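Bear in mind that the values here come from a model prediction, so they are computed numbers and not experimental data. Chain A is the first sequence line, chain B the second, and so forth, proteins listed ahead of strands; every chain is numbered from 1.
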Amino acid sequence: MMLMRGNAACPGCPIPREIDALLEVTGQKTVLVVPASCTSVIMGDTNGMPSSVPVVHSAFAAAPAIASGIKAALNSKKEDATVVVWAGDGGTGDIGLASLSGAAERNEDIMYLCYDNEAYMNTGVQRSGLTPYGAWTTTTPEGKRERKKPIPQIVAEHGVPYVATASIAYIFDYQAKVKKAKEIQGFRYIHLLSPCPPGWRFDSSLTIRIAKLAVETGIWPLYEIEKGKFRLTSLSKTLIDKSKRKPVLEYLKLQGRFSKMTSEEVKKLQNEVDEFWEEIQKID
Amino acid sequence: MRKVMSANEAVANAVKLARVGVVGIYPITPQTTVIEKLAEMKAEGEIDADIVRVESEHAAMGVTLGAGAAGVRSFTATGSQGLLYMHEMVWWASGSRVPLVMMVGTRAVGAPWNIWNENTDFMSERDSGWIMAFASNPQEAFDLVLQGFRISEDERVFLPMMVGMDGFILTHMKTNVYLPSQEEVDAFLPPRRQPYVIDPEAPIGMGNIFPPVEYMKLRHSIHSAIQSAESVIKEIGKDYEKISPFNNYRTLNVKYRMEDADYALVLMGAWAGDAMEAIDELREKGINIGMLRIRYLRPWAESEIKELENVKGILVMDRATSLGRGGPLYLEVKATVRNQVKGVVTGLGGVLLNKEDFKRIILKFLKEAKEERSDGVEWYYPAEVEKVELRNPKDVE
């Protein structure tokens, strides 16, 4: 099960590996629904089939609805398949938020993977609601002034059976979550932090290192919320103690998009991360 | 079976008899009673369809399209703001070459808010690559929706189809409607077959990037499919007589007293009834006018419209407008015939016309036609509107 080689991903882009890792678990009986995003190009610009499973490309805001329709049709034909929305952060948390929320509220029997590269990368790095505080994009040349929209928490508030965060740097954790999600009926949501070399301004050899640092600094906690129960997973289980977490600066300094952040701004971000972990400590 | 019902109820019955598998629903006046009826049928166990209660019209078409792509007969209904909100997905459906049927209860478009009838919403999808029919009475609403599934799913067409109906004036109007039996409908409408379907056992990609020439060829194929739909619609219309012999669907559009007509009135929709009454009365006074009611905007049956070249003058009435230009039907007719054509834009935002208004419009047109100046577009207000002062921002106090 795989995305075909010779695809149009940029050097160092984690998306092809993220899709492969997904399909390795969900298997042949998978239908991918992909709204406008980098993957539209990565999977789109090919002669013949871009992957070993069916792919339905969707208008930007419609993927969860189209997936709902496909699942309803498969049910009525008594055919079994995992219908997966594979969407970027803009398609998930900005233009697609209503459709995501609608499908989550209806508890549609679909799996939703958001690969979050924290901006509109396919159009050339414009800020999204999921771009983090301080990050340069072409539409926030001064650095983004607002915080990142907390989509996994928003989805979890819908009371869906499964929500998780994941990272390509912790692939066993990611695949274990997909495996768990596959066995659950209802709306399942997995949010992948997906480092983007050209958009985050780092060398294409550093993708996994940066993905790792996001977890090690606590900026990207790995967790799952199963039937409402929150649980830290993988390395994040060991990071409750602040001294175990690397300073966020180590994550920021490798990325050109944060290069204009002042030390006060870095401190502000560090404080936000620490406060977030204090909240986690209360619920974990 | 004959039963008194509104056009909306007739539409729901057509969906039921077509054994639709998935319906994406979202409310909007004046279509809402269609989806309420379907939800009620589901609750009563009368239909098996999966009713997906989505969060917007954009999603309603998403669900309907997704189900169609996976090979299941699907339906939705909307109008006005809902149709405009759905606009992107309307195009996505035809570009994906997925058969499905949508009912459009027409209504004016804001701003400002107005919930009453107008056809501009329907007309705004003219270029979207759908088969587009427009009903004029509840029986025709039922017939066109039912036929729509077969037309849409025909391999020579393989495109979505929308059936428009005037908001309130038709959607909520009750008349006797003849419903064929389930067995008859099953014989008329075989189970859906489609050349490509979303199936993990036989993976395909849909909607991926097409390079320029391939994209243009796809657009061209939709253009050809709409044109070839003309003969398919006639063929299916003839076959429909086996299960419902009351209306004539052997032509796309409908003529009224055109055999000996010197002048022709062209329009579409429910106000054809008022127009026919006006024509009957004018005929008694020796005025030889007939009517061509447009039942299909797409395909545009050019040979049927071209017959209008035999009359001395053509009057086209639009309950819609391309602002700054004229009514869409007027523009279509003008592009088809060599004659002088007069356009009248009226009935917008629920403005009601009665038989006397039709007579006034026709008599004025006849006078102009005799003087060979029956060209251009007139905005007509009913007789009781004494003074027309336009509302311009600069005049706001």
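When each of B/G24, B/G71, B/G66 is checked for heavy-atom pairs under 4.5 Å with chain A, B/G66 comes out on top. Of all the listed residues (A/A81, A/S101, A/S58, A/S76), the one sharing the greatest number of non-hydrogen pairs under 4.5 Å with chain B is A/S58. Taking B/G21, B/G207, B/A67 one by one and counting their heavy-atom pairs under 4.5 Å with chain A, the maximum is reached by B/A67. Heavy-atom pairs under 4.5 Å with chain B peak, among A/V56, A/L32, A/V83, at A/V56.
For the atom pair CH2 of A/W200 and OG1 of A/T131, the computed distance is 10.0 Å after rounding to the nearest 0.5 Å. Taking CH2 of A/W86 as the start and CD1 of A/I190 as the end, the distance is 9.5 Å to the nearest 0.5 Å. Separating the CG atom in A/D116 from the OG1 atom in A/T92 is a distance of 8.0 Å, to the nearest 0.5 Å.
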### Chi angles and distances behind the side chain to side chain contact (heavy atoms under 4.5 Å, CB included) call for B/L17, B/Q182
CA-CA 6 Å; B/L17 286 165; B/Q182 185 66 63; 3.4 Å; yes
### Task
Apply side chain to side chain contact (heavy atoms under 4.5 Å, CB included) to the pair B/F75 and B/L38, showing each step before the final yes or no.
CA-CA 11 Å; B/F75 172 85; B/L38 288 167; 4.0 Å; yes
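With a 4.5 Å cut-off on non-hydrogen atoms, B/L65 touches chain A through its side chain but not through its backbone. For B/V54, the parts lying near chain A are the backbone and the side chain together; criterion is any non-hydrogen pair under 4.5 Å. For A/E105, no part sits under 4.5 Å from any heavy atom of chain B, backbone or side chain. For B/V23, no part lies under 4.5 angstrom from a heavy atom of chain A. With a 4.5 angstrom heavy-atom cutoff, B/R53 touches chain A only via backbone atoms.
With B/R73 contributing its side chain and B/E153 its backbone, the two residues share no donor-acceptor pair below 3.5 Å.
B/Y85 and B/H58 have perpendicular rings, their planes meeting at more than 60° on a 0 to 90° scale where under 30° would count as parallel. Between A/Y189 and A/H191, the ring-plane angle classifies as tilted under the 30° and 60° cut-offs. The aromatic rings of A/Y120 and A/F60 stand perpendicular to each other, their planes meeting at an angle above 60°, with 30° marking the opposite boundary.
Between A/E118 and A/R127, none of the side-chain N atoms (NZ, or NE/NH1/NH2) sits under 4.0 Å from a carboxylate O, so this pair counts as no salt bridge.
At a heavy-atom separation below 4.5 angstrom, chain B is approached by A/A61, A/A62, A/A65, A/I66, A/S68, A/G69, A/I70, A/A72, A/A73, A/L74 within residues 61-75 of chain A.
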